[in-house]
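Notes for the one structure printed next.
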Protein chains: 2
Amino acid sequence: MYQIGEFSRICQVSVKTLRHYDRIGLLKPAEVDRFTGYRYYDRSQLERMLLIQKLKRYGFSLEDIHILTRAENKGALREALLRQRVILTARQQEIGMTIRDLTLYLQNLEGTGDFMKTANKYDIRLAETERRTVLTYRQRMSVDDFGRYFSKLFERSAQEHFTPTGVTGAIYHDKEFDRDSSDIELFIGVKEEKDTEVMKPRLCAATLHRGSYSTLSEAYAALVSWIEENGYVWDGAPYEIYTKAIWSGCAVEDWETEVYFPVRKK
Amino acid sequence: MYQIGEFSRICQVSVKTLRHYDRIGLLKPAEVDRFTGYRYYDRSQLERMLLIQKLKRYGFSLEDIHILTRAENKGALREALLRQRVILTARQQEIGMTIRDLTLYLQNLEGTGDFMKTANKYDIRLAETERRTVLTYRQRMSVDDFGRYFSKLFERSAQEHFTPTGVTGAIYHDKEFDRDSSDIELFIGVKEEKDTEVMKPRLCAATLHRGSYSTLSEAYAALVSWIEENGYVWDGAPYEIYTKAIWSGCAVEDWETEVYFPVRKK
DNA sequence: GATAGACCCTGCCCCAAGGGGAAAGTCAAG
DNA sequence: CTTGACTTTCCCCTTGGGGCAGGGTCTATC
């Protein structure tokens, strides 16, 4: 039996953490003195602690660990590990991209001395968009997993024998941005006219964004600046068309997104 | 001038976040209506917001961003970016190791069905340690940056013309573990007898740990279990000897650490 | 001019995973 | 018997915001 301090040394975990885990029920001491409240740990706690730390390194929350380590959840653990591996791989690649971006920014900073400059590499064009017939699916959803909802549209398209044109996009109806809950209308282009929605031709300012969505705001900013400088005003819900995305099977740095802002002359 | 909602859409940032940044002074609106409290943003805020998001992606805290983006800190920003690139690179590699470890664990789980097992790959040996003459430096420090303090010892060794034996290690005097503040005594072996400390021969349980320090607790646990099973008791401050570490110039997965626990027969 | 609906405000409490520190109780050795 | 090391509980603090309540404002439409 080890006192909390010794156990802390062995596990390489602070005493505070051990008390925290006791309180949330994640790791109860083998014994607690009824009169003094002293906690005593033994080797079975040690094993469990190693497991907890391992899963924590893998990126699980304490709550997840709590659930996954209940003996009956062996299958769930396996699934969770597989999922987590995907998440970690994605995170690793994102860090790689971040490093490349940082390096570029650093070069720019050293070259120009301007730390505001964010490499405004966006070609803005003014375009009368073409008329599109589309299937749509509108719902309040998180911007992070809207990709998952496209399958609904593709299923419907297949079931009802539509002919997809290959266009996939999303309209952002909310004025404000909320990562977890936005009023998003997904659309996929189809050839048929019957039982479809129509996107009418509109005057838009548009540009092409390359790379992951975490820097999309730069495209938005470039568009909005352009609109203001050229005497237009923003007039309607902006939308994006995903010409190359995760489902195109290409690497994230090759993704391409077209961003459209409906505008009118001021 | 944009209302907070529009500005939120443009920057891809929630309204809550904008209000938060206003409150902490990171991004003040261009104008606040004195009567209604409405916030109005314009394009210079937009540029600043892009910068903030960029630095946030690079892993800086809002406070760091606040400080680094004051115009007079251009030099500090460059330094910080260079440091951050190192940190990101390290993080990326650590994720890589984590993924490999996860994969191993997953295979083990699928093979044995035992989710407790943590691959007990440690050979424990009982050893009478040799007598060592050492230079030491003892201080309360974080376990994460004790490496930095070794330079003090090497400088002293060089100045006072000692002959290093190549042994570097650390004794952990605290009973308990505290990542940010531990009573650690660093030591480097030297040949001379004069003006040095002496580590007397002691009976120790010892083992060799390979890889990064984040899984050192597994070695500790293995040692402690062995000690208990073989009728010894832990008796004194444990210490580690870093036979291959960051300064050996090898990759993190090839690091080698010997862990010693002083023991006596029960 | 009234009203609805969309927008905005402040203020309060909440999250995870603990850290810091105070005040007080416990244990073992000298 | 005292001292010092160790432990306990309790309360507040951190980062970067999210949720919600209660209430004010703006603009278009009737």
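The sequence lines fix the lettering, A, B, ..., with proteins before strands; numbering per chain opens at 1. What's counted below: heavy atoms across the whole structure, side chains too, no hydrogens, waters or symmetry copies.
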Closest listed nucleotide, where the reference is the side chain of [X] and the choices are [options]:
X	options	value
B/Ser14	C/dC8, C/dA17, D/dG18	D/dG18
A/Asp180	C/dC7, D/dC6, D/dG19	D/dG19
A/Ile4	D/dG17, D/dT8, D/dC26	D/dT8
A/Thr36	C/dC27, D/dT7, D/dC20	C/dC27
A/Leu62	D/dG16, C/dG19, C/dA17	C/dA17
A/Lys16	D/dT15, D/dC10, C/dC7	D/dC10

task = Take A/Asp178 and A/Arg39, find for each the nucleotide of DNA chain D with the closest heavy atom, and name the residue whose nucleotide sits nearer the 5' end.
result =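 Closer to the 5' end of DNA chain D: A/Arg39.
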key: Most 5' of B/Lys56 and A/Gly37 on DNA chain D, judged by nearest nucleotide   =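 Result: A/Gly37.
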Length of the [atom1]-[atom2] vector between [X] and [N], whole Å:
X	N	atom1	atom2	result
B/Tyr38	C/dA6	OH	P	14 Å
A/Asp22	D/dT8	CG	C1'	12 Å
A/His20	C/dC15	NE2	P	12 Å
B/Asp33	C/dC7	CG	P	18 Å
A/Arg23	C/dG19	CZ	P	13 Å
A/Arg34	D/dT8	CZ	C1'	17 Å
A/Phe7	D/dC6	CZ	P	18 Å
B/Leu18	D/dG17	CG	P	10 Å

is_close_aromatic(A/Trp255, A/Tyr213), centroid dist under 6.0 Å =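 A/Trp255 vs A/Tyr213: aromatic centres under 6.0 Å.
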task = Flag the pair B/Tyr260 / B/Tyr239 as yes when their ring centroid distance falls below 6.0 Å, and as no otherwise.
result =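 Yes.
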request  = Identify, between A/Val15 and B/Gln3, the residue whose nearest nucleotide on DNA chain C lies closer to the 5' end.
outcome  =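 Nearest-nucleotide comparison on DNA chain C picks B/Gln3.
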query = Given that B/Arg179 and A/Lys175 both sit by DNA chain C, which one's nearest nucleotide is further toward the 5' end?
reply =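 Going by which nucleotide is closer to the 5' end, it is A/Lys175.
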query = Hey, are B/Tyr172 and A/Gln12 close enough side-chain-wise for a donor-acceptor pair under 3.5 Å?
reply =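 On atom types as modelled, these side chains do not qualify, holding no pair under 3.5 Å.
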message = Is it true that A/Arg85 and B/Thr103 share a donor-acceptor pair across their side chains at a distance under 3.5 Å?
response =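 A/Arg85 and B/Thr103 do have a side-chain donor-acceptor pair below 3.5 Å.
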task = With heavy atoms under 4.0 Å as the rule, sort B/Arg19 into base, sugar-phosphate or nothing.
result =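 Base, at least one base heavy atom under 4.0 Å.
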task = Check the surroundings of atom CZ in A/Arg70: do more than 12 heavy atoms from other residues, nucleotides or ligands lie under 6.0 Å from it?
result =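 Enclosed.
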request  = Would you please confirm or rule out a distance under 4.0 Å between OP1 or OP2 of D/dG18 and any side-chain N or O of B/Thr17?
outcome  =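 Yes, such a contact exists.
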key: hbond_proxy A/Tyr21 side chain to C/dG18 base (donor-acceptor, 3.5 Å cutoff)   =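 There is none.
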task = With A/Met49 as reference, evaluate A/Val13, A/Leu26, A/Ile10 under the side chain to side chain contact (heavy atoms under 4.5 Å, CB included) test and give the passing residue.
result =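 Going through the options one by one, the only one that passes is A/Val13.
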